Structures are given as structure tokens and as C-alpha cells.
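Comments concern the structure below.
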Amino acid sequence: MPELPEVEVVRLGLAPAVTGAVVTAVDVFDERAITRHDHARGSFADRLTGRRMRAPQRRGKFIWIPLDPDPVVEAATPAGDAVLAHLGMTGQLLLREAWARPEDEPHVRVRVELRHPQAGELAVFFRDQRTFGSLALDELVTTDAGDAVPTQVRHLARDPLDPLFDDRGFLAALAVKRSAVKRVLLDQRAISGVGNIYADEALWAARIHPEQPANRLSRAKARMLLGEIRLVLGKALIEGGTSFDAQYVNVNGQAGYFAHSLNAYGREGKPCPRCGTPIVRVSFMNRSSHFCPKEQRLR
DNA sequence: CTTTCGCCCTGAGTGC
DNA sequence: TGCACTCAGGGCGAAA
């Protein structure tokens, strides 16, 4: 459920607490929470303990926190390394007092204890009900544009809120692909950060049927779609993200408000806010698509 | 190469 | 009340 806006809210919340902090202890309570980690180079806890964190970064739905160079294995990782996090469906990164007990709340998979030069001792809890999320220590690699990203993020396209997002490249990808336009929106190699909720919302705003073949969109329509993607992601970010239940929350455990602003997603049978036609839900790619059957026609 | 499919997982909700 | 079943879906790797 956490898509770009939710993940960005988490990154912004994490930043003041972790930037400059030193990891004093790492407890992994459930190994499934670190399935992204490559154990061949050492355990997650061993590699993270003692390291100093820099400012958190994000691309698409991935967050990472670059670390100051490790004095022990400096040569092995020329661009450095980082703690990488993907929240999956139900992952949460929560700021806690250092004395807070992980066993007092459900699904705490990992606890990272920090000492911050100003804020002092604190802890970050990684909670994850469905364990689709994961943490890892990952190597950074330098991209063509000169920025350093974890190896697991390398294959992702930039996200539409990234100033270096390749508008022309994305439009070209749409123009070439015969698959459903929604499939392209969910393909993180074409555009990252968009998930089921914001794909449905952007398609509704642009009046495009989710199963319209991407290459059948006019250039103008495709450009409008990209604009609506940026618009809906930006609005959701300002509202603190979309929360349906207690699953998505910021680092302080608070829900976002954007669920009230959804026009299509999760509104099956309810009137389209523009024309009143009941929103329909159809099965698509093992998930659901919600759209207005009157305004979003398959051509 | 593209596209599809199955798997990972838990708790809320539904139907009988 | 209880039990079986369905659903939510991001990422990834295997299969077609």
C-alpha cells in the first residue's frame, strides 16, 4: 500500500532523527524482515552496528540511508553502502524512545538503536504485519547522472517527482508498448513510485481506461496522463499519504488524510465525482482496477 | 524479448 | 459461535 507519497512522508520523518546518528545496536526478531539482505558479506546486524547514518534518500518506493565509510571494509565498496528499506504492503518505520519495548506492540521485526548527536538515544522499529517488506545492507553504485543508488534500486526508473525524471523517455515507452497502459504505470522500470491506488487515480483524472493499449494513446493524452500522475502524487504527499486502516502511518504512527480525496480507487458502486456514474471494479493483474465506465472508455 | 503466473504473508471480512 | 474461505497487492523469479 505505501506508494511514493507514503514512502516520502516516511523519509521526511526519518531525516531529522537519523541523519548523523550512530547505530549502537541492531536486533532482528524475524529473519523474514531482512530477505533483501545478502548474508554472504556478513549479517545485517553486524554490518550495520557502529555505522553513522547520512540523510535518507528515496527512489520510487525504496528508501535508503547512506552510511559513512566503513573503516574496516572501505576498499570493498568504492561508492559506499546504505541501509535499504522497502515497506512492501504493511511495512512501517517508527521512531521510538530508546526505552520502548518491541514486545509491547505487534509485528515488530527489527529494532535499530541510535545515538544522535543532538537528540540523544532513540530507536527505529520496523513493523510489518504481512512481511512483504524488507531491510538490507546494500552496496551503492554510481549512476550515469552521478548519484549513488543501492544495487537493488539501480534497475528502477526515476520517479516523477525526481527533477531528473525522463519525461521523453517515459512518453517514448508508452508509445512503443502494446500492453495495457496501467501495466506500464505499475512497471517500476518505466516509472517508479506508482502503485495500484495512484495508477487508478491518475487514469481516472486523465479519463483513460486502465486497459487501453499504451501505444494507442495520443502524445497529448500521454502527456496529460504524466501531468495527472505528478498532480495526484503531489496532492497525496501534502495530505500525508493514503491510510485506509492502521496499516499506513508516518514515523510517529499517524495516518494520512488522502483517502478522503480518492475519486476512483476503493469506490466501487459509488458515483463518479464528475458524472455520477457508478465506479466499477474489475480484476486486473491479480489486483483490482477501479474506473468510471462512462468517461474511461476503451477505444 | 515480452508477458503471465505463482509465491511470499496475516488479519479483517464474509458466507454458511 | 465457529469454521472455511476470500481478499488486500509489491516485487521477483520462473515459465510460457
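Throughout, a chain's letter reflects where its sequence line sits, starting with A, and its residues are numbered from 1. Quantities reported herein were computed from a predicted structural model and do not represent experimental measurements.
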Would you indicate what A:Ser179 reaches in the nucleic acid, counting non-hydrogen atoms under 4.0 angstrom: base, sugar-phosphate, or nothing? sugar-phosphate

Would you say a side-chain N or O of [X] is under 4.0 Å from OP1 or OP2 of [N]?
X        : N      : answer
A:His107 : B:dG11 : yes
A:Gln188 : C:dG11 : yes
A:Arg189 : C:dC12 : no

Looking at A:Thr277, A:Leu203, A:Asn263, which one forms a side chain to side chain contact (heavy atoms under 4.5 Å, CB included) with A:Cys292? A:Thr277

In whole angstroms, how far is the [atom2] atom of [N] from the [atom1] atom of [X]?
X        : N      : atom1 : atom2 : result
A:Ile197 : C:dA8  : CD1   : P     : 12 Å
A:Glu3   : C:dG10 : CD    : C1'   : 9 Å
A:Leu87  : C:dG11 : CG    : P     : 10 Å
A:Leu4   : C:dG10 : CG    : C1'   : 14 Å
A:Glu31  : B:dC9  : CD    : C1'   : 17 Å
A:Asp187 : C:dG13 : CG    : P     : 15 Å
A:Lys177 : B:dT3  : NZ    : P     : 6 Å
A:Arg32  : C:dG10 : CZ    : P     : 20 Å

Among [options], find the nucleotide with the atom closest to the side chain of [X].
X        : options                : value
A:Gln129 : C:dC12, B:dG11, C:dG11 : B:dG11
A:Lys61  : C:dA8, B:dT10, C:dG11  : C:dG11
A:Arg130 : B:dT3, C:dG11, C:dA8   : C:dA8
A:Arg183 : B:dT4, B:dC8, C:dA8    : B:dT4
A:His86  : C:dA8, C:dG10, C:dC12  : C:dG10

A:Arg158 and A:Asp166, any side-chain heavy atoms less than 4.5 Å apart: no

Has the side chain of [X] got a donor or acceptor atom that lies under 3.5 Å from a matching backbone atom of [Y]?
X        : Y        : answer
A:Glu6   : A:Glu3   : yes
A:Arg178 : A:Pro213 : no
A:Gln212 : A:Leu298 : no

Looking at A:Arg96 and A:Glu105, is there a salt bridge between them, counting it only when a charged N and a carboxylate O are closer than 4.0 Å? yes

Does A:Arg287 get its side chain close enough to the base of C:dG10, under 3.5 Å, for a donor-acceptor pair? yes

Give a yes/no verdict on base stacking between C:dG11 and A:Phe132: centres under 5.5 Å, planes within less than 30° of parallel. no

Mapping A:Ser288 and A:Arg36 onto DNA chain C by nearest heavy atom, which one lands closer to the 5' end? A:Ser288

Start at the 5' end of DNA chain C and walk down; is the nucleotide closest to A:Arg281 or to A:Gln152 reached first? A:Arg281

